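Just below is one structure, and these are the notes that go with it.
Remember, predicted model here, so these are calculated numbers, not experimental data. Just so it is clear, the values below take in all heavy atoms, side chains as well, and ignore hydrogens, waters and symmetry mates.
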Number of protein chains: 2
Amino acid sequence: MPLSQTEENYLKAVYKIAESDQGSVSTNAIAKMMSTSAASVTDMIKRLSEKGYVDYVKYYGVELTTLGKTAATILIRKHRLWETFLVSQLDFSWEEVHDIAEQLEHIQSKELIERLDKYLGFPKFDPHGDPIPNTEGKFTLRNQTILADMAIGEQGQVIAVKIHDTPFLQHLNQIGIQINTPLRIVSKQDYDQSTTVLVEDSEILLSHKVASQILLKKTS
Amino acid sequence: MPLSQTEENYLKAVYKIAESDQGSVSTNAIAKMMSTSAASVTDMIKRLSEKGYVDYVKYYGVELTTLGKTAATILIRKHRLWETFLVSQLDFSWEEVHDIAEQLEHIQSKELIERLDKYLGFPKFDPHGDPIPNTEGKFTLRNQTILADMAIGEQGQVIAVKIHDTPFLQHLNQIGIQINTPLRIVSKQDYDQSTTVLVEDSEILLSHKVASQILLKKTS
DNA sequence: TAATATTTTTAGATTAGCCTAAAAATATCT
DNA sequence: AGATATTTTTAGGCTAATCTAAAAATATTA
């Protein structure tokens with residue numbers, strides 16, 4: 001019994017929430033991420049629990065089983081490979097690909113995804129800098145720092161961004177930030193936690209909200 | 001209000017039936033093609049009729065409106081472009097691609113399909129020899145003859161096959177028939193309507209069932 | 001044309017996924 | 001601890017798409 005698209009999306013949501021927060025995942029968090037009601041989440045989680053994809057304790061929360069983790073990782077592998085295809089082969093830009101990949105990730109064919117991987121040259125990272133899990137679900141870990149956590153004077157190179165929606169990425173395009181952009185922390189404002197960075201000889205002010213979504217590899 | 005995947009599949013089925021038979025399409029024919037019950041077809045056809053995609057007369061039959069025809073043609077365009085991608089870029093063979101393309105054709109992105117078309121070099125025919133409709137739904141018509149209708153002594157070159165399921169195409173692979181294969185009609189057996197053809201210096205017996213699925217361009 | 005067979009539609013039920021409103025459980029605050 | 005607020009679950013209903021069984025319409029055939 002294969003998973004429905006909806007079931008797959010729930011698993012991915014649980015995976016993503018568990019990735020940032022730790023411990024078990026709350027009904028409300030899932031509802032928020034899926035833009036649906038808490039009642040619907042309870043329904044679905046029960047179903048996924050019966051099928052063995054999650055461990056569920058009423059009023060407490062949800063955790064992925066090994067089975068659920070594998071399913072979620074495969075989905076993420078597919079999503080990131082398709083995003084890579086769209087950008088590297090079809091010349092889409094990084095802010096355009098999320099929604100299309102969201103559909104493509106549900107295509108059911110193991111063979112297809114292996115051939116796509118090969119076709120793309122077994123890429124390790126997608127256009128947003130996220131690691132692409134291999135067939136076994138393992139992916140490359142990198143030494144990365146959140147921009148907002150860096151100290152004045154430190155330098156780094158952008159290696160990934162944590163959110164992928166079009167408006168956010170368009171904003172980054174506008175201020176000249178993309179994957180591999182080198183930058184230096186010029187100053188940090190305490191009162192609103194904003195950060196000023198030097199990008200290509202110009203100083204840019206980043207709100208805390210933005211600065212905490214950008215991941216860097218320190219270069220000094 | 002976009003069409004659901006199921007609605008799209010019904011429109012495609014009606015289109016394909018109307019293509020071979022002529023006049024209006026019967027409930028039973030649709031049910032057969034969709035492997036579903038006649039009752040389900042009646043339900044769905046009513047819905048598509050309300051939405052303006054088909055003209056429906058109870059107990060008589062169904063016809064696509066202009067709107068329905070456009071929707072079906074776009075779906076076929078997408079299907080055939082994806083099949084072309086799978087074969088020409090990912091090295092799938094012609095008998096492996098139908099089911100995957102059946103899923104890919106439902107991906108909703110006009111931009112994606114236009115870029116894919118360009119990426120593939122605006123192909124005019126898919127791996128089964130079927131014409132790929134352009135953005136407006138127009139496609140190249142060719143002078144083609146059904147193998148079963150050819151006379152003894154006539155020669156031709158395979159340009160397309162009418163069905164695409166794996167077992168049929170595997171059978172063609174086995175007897176050495178693919179797109180562009182040249183052949184000559186050696187003899188025709190009246191009692192079972194089978195045809196013997198010369199392919200690459202060997203005589204092959206084709207049942208009527210098989211011979212009526214192969215389309216040729218006459219070369220003599 | 002009347003009887004029979006076939007096709008199509010209707011009626012009524014089922015499942016997945018969603019909703020709102022109310023009830024139950026847990027958390028927080030004084 | 002008791003009152004209040006928040007979170008989560010339950011209850012009941014809705015829609016899309018499906019099914020089977022029965023009824024209605026059309027086609028066929030003696």
Centroid-centroid under 6.0 Å between B:H128 and B:H98 rings:
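B:H128 vs B:H98: aromatic centres not under 6.0 Å.
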Length of the line joining [X]:[atom1] and [N]:[atom2], which is rounded to integer Å:
| X | N | atom1 | atom2 | answer |
| --- | --- | --- | --- | --- |
| A:I30 | C:dC18 | CD1 | P | 13 Å |
| B:I45 | D:dT18 | CD1 | C1' | 15 Å |
| A:D43 | C:dT15 | CG | P | 14 Å |
| B:K51 | D:dT15 | NZ | P | 14 Å |
| B:K32 | C:dT8 | NZ | P | 12 Å |
| B:L48 | D:dA16 | CG | C1' | 12 Å |
| A:N9 | C:dC18 | CG | C1' | 14 Å |
| B:K46 | C:dT8 | NZ | C1' | 10 Å |

Closest nucleotide among [options] to the [X] side chain:
| X | options | result |
| --- | --- | --- |
| A:A39 | D:dA11, D:dC19, C:dT10 | D:dA11 |
| B:Y10 | D:dT18, C:dT10, D:dT10 | D:dT18 |
| B:M44 | C:dT8, D:dT18, C:dA24 | D:dT18 |

Could you list the residues that satisfy side-chain contact (heavy atoms from CB on, under 4.5 Å) with B:K209, not counting sequence neighbours?
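Checked B:K209 against side-chain contact (heavy atoms from CB on, under 4.5 Å); matches are B:S207.
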Testing the basics here: between B:K162 and B:S212, what is the closest heavy-atom pair and its distance to 0.1 Å?
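Looking at all heavy atoms of both residues, the shortest contact is CD-O, 3.7 Å.
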Which is true for A:S37 with a 4.0 Å heavy-atom rule: it touches a base, it touches only sugar-phosphate, or it touches nothing?
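Base, at least one base atom sits under 4.0 Å.
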Contact class for A:T27 (heavy atom, under 4.0 Å): base, sugar-phosphate, or nothing?
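Result for A:T27 = sugar-phosphate.
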Report yes if at least one side-chain N or O of [X] is closer than 4.0 Å to OP1 or OP2 of [N]; otherwise report no.
| X | N | result |
| --- | --- | --- |
| B:Y60 | D:dA27 | no |
| A:S40 | C:dC19 | yes |
| B:N28 | C:dT6 | no |
| B:K58 | C:dT10 | yes |
| A:Y59 | D:dT6 | no |

Of all residues at least two apart in sequence or in a different chain, which pass the ring pair (Phe, Tyr, Trp, His ring centres under 6.0 Å) check with A:Y53?
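Checked A:Y53 against ring pair (Phe, Tyr, Trp, His ring centres under 6.0 Å); zero matches.
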What I want to find out is whether B:E105 reaches B:R77 closely enough, with some N-O distance under 4.0 Å, to be called a salt bridge.
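Not counted as a salt bridge, because no side-chain N and carboxylate O are separated by less than 4.0 Å.
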